Amino acid sequence: MEYTQLGTSELKVSRLTLGCMSFGTPNQFQDWSLDGEAAAPLFRQAVELGINFWDTANVYGMGSSEEIVGRAMREYSSREQTILATKIYWPMHEGPDGGGLSRAAILKQVDDSLARLGTDYVDLMQIHRFDPEVEVEETMEALHDVVQAGKVRYLGASSMWAWQFAKMQSAAGQNGWTKFVSMQDQYNLVQREEEREMHSLLLDQGVGNMVWSPLGGGIVARPWGDKSSTRAASTPGQDQFGRPLFLYSDKAIVDAVERIATERGVAMATVALAWVLKNPVVNTPIIGATKAKHLTDAFAALEFTLSDEEVAALEAPYTPREPTFF
């Protein structure tokens, strides 16, 4: 396994992150989630591969993912050997402290996450989205306070406009509060809009980059139109605002991934992840594994190099679109 420093933090994270949205009590929205028993082999495999960075969120499985992650950490690894990341923002219950990024919500939801994870601190606490209903100063001061209290080592953000991220960083800097060391955003062969503004901002500010959905929800990991997996069958075609998640022009990209994978004798996921990993902005893509093969194919991408001609074939068909924060 390769390791990299996450932004300006002292966190030395694996080049692959274990995404834990796949783990939790199955529900009507995520009937493909794995419970603790089913997820156990994947945690063991991740530890064997040297994946020390585990990413979850309070809302995954409505808390059950954090509980599973905490138990797996103690059983298959240790608190000291695991870099633990979670997220807050989406509503966990009714009431002013149930969700969002107000001071009351942050203090309550951080404590609740720690209790479910069974730990005194998390290495990286991330805000899952930007909260337009709360002044950024209130949010950043509250986040700074949980860092000062020793409950959180570092702060991260996820999926927002570059100007919103810059606004929050500026508020922290002007007031002497803790800044974000990482951004977790969507980036893959069929969603490259972060290249326009966010990536340049991260490079300029020395902020680390975690990538969610590096396989585009699996669309670039299987032939075009393949809906054979439970996850693929349940993936919506639009985001919550009715915008298409995929375009028909993406077929040419998927076909190029399939062709290269066939010619080189590797999985399509390996090709698509190798493309993500070659970007110098990206520290670590998040692998949402539900099968051992998913981690094996991802690990293979670390040693897979695309030729200039192959990169051109993958990138040329891309059609610009709105970024999706789904």
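Nothing here was measured: the structure is a model prediction, and the numbers come from that model. Numbering starts at 1 and runs along the sequence shown.
One finds the CD atom of E48 at 12.0 Å from the CE atom of M1 (value rounded to the nearest 0.5 Å). To the nearest 0.5 Å, atom CZ of residue F53 and atom CG of residue L16 are 12.0 Å apart. With rounding to the nearest 0.5 angstrom, the CD1 atom of I51 is 7.5 Å from the CD1 atom of I287. Here the OG-NE2 distance, from S158 to H128, works out to 5.0 Å after rounding to the nearest 0.5 Å. The CE atom of M183 sits 13.0 Å away from the CG atom of N283 when rounded to the nearest 0.5 Å.
Using cut-offs of 30° and 60° for the angle between ring planes, the W224 and Y248 rings count as perpendicular. Between W54 and F43, the angle of the ring planes lies from 30° to 60°, which puts this pair in the tilted group.
A donor-acceptor contact closer than 3.5 angstrom links the side chains of Q174 and S170. In the model, T296 has a side-chain atom that pairs as donor or acceptor with a side-chain atom of Q45 under 3.5 Å. Defined by atom type and a distance below 3.5 Å, a donor-acceptor pair is missing between the side-chain atoms of E66 and T56. In this structure, a donor-acceptor pair under 3.5 Å is present between the side chains of Y187 and N279.
Between the H144 side chain and the M140 main chain, no donor and acceptor come within less than 3.5 Å of each other. Side chain of N52 to backbone of S14: a donor-acceptor contact under 3.5 angstrom is found.
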Could you please spell out the steps behind the salt bridge (Lys or Arg N to Asp or Glu O under 4.0 Å) verdict for D255 and K251?
CA-CA 6 Å; D255 288 348; K251 180 180 184 300; 2.7 Å; yes
Can R264 and E310 be said to form a salt bridge (Lys or Arg N to Asp or Glu O under 4.0 Å), step by step?
CA-CA 11 Å; R264 301 283 295 274; E310 289 169 336; 2.8 Å; yes
Would you sort out whether E37 and R71 count as a salt bridge (Lys or Arg N to Asp or Glu O under 4.0 Å), showing the intermediate values?
CA-CA 11 Å; E37 182 178 357; R71 289 195 298 269; over 6 Å; no
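Contact check on R79 versus D120 returns no salt bridge, with no Lys/Arg side-chain nitrogen under 4.0 Å from an Asp/Glu carboxylate oxygen. Remark: D250 engages R321 in a salt bridge, criterion side-chain N to carboxylate O under 4.0 Å. Between R15 and E303 there is no salt bridge, since no side-chain N of the basic residue sits under 4.0 Å from a carboxylate O of the acidic one. A salt bridge links K108 with D112; the closest basic N to acidic carboxylate O contact falls under 4.0 Å.
The side-chain tip of R192 points at the ring of Y318 from less than 6.0 angstrom away and within 45° of straight on.
Contact annotation: the side chain of L84 approaches that of M73 to within less than 4.5 Å [non-hydrogen atoms, C-beta and beyond].
Note: Y60 and F23 fail the aromatic proximity criterion, with ring centroids not under 6.0 Å apart.
Applying side-chain contact (heavy atoms from CB on, under 4.5 Å) to Q184 and the options L124, V211, D55 leaves one that passes, D55.
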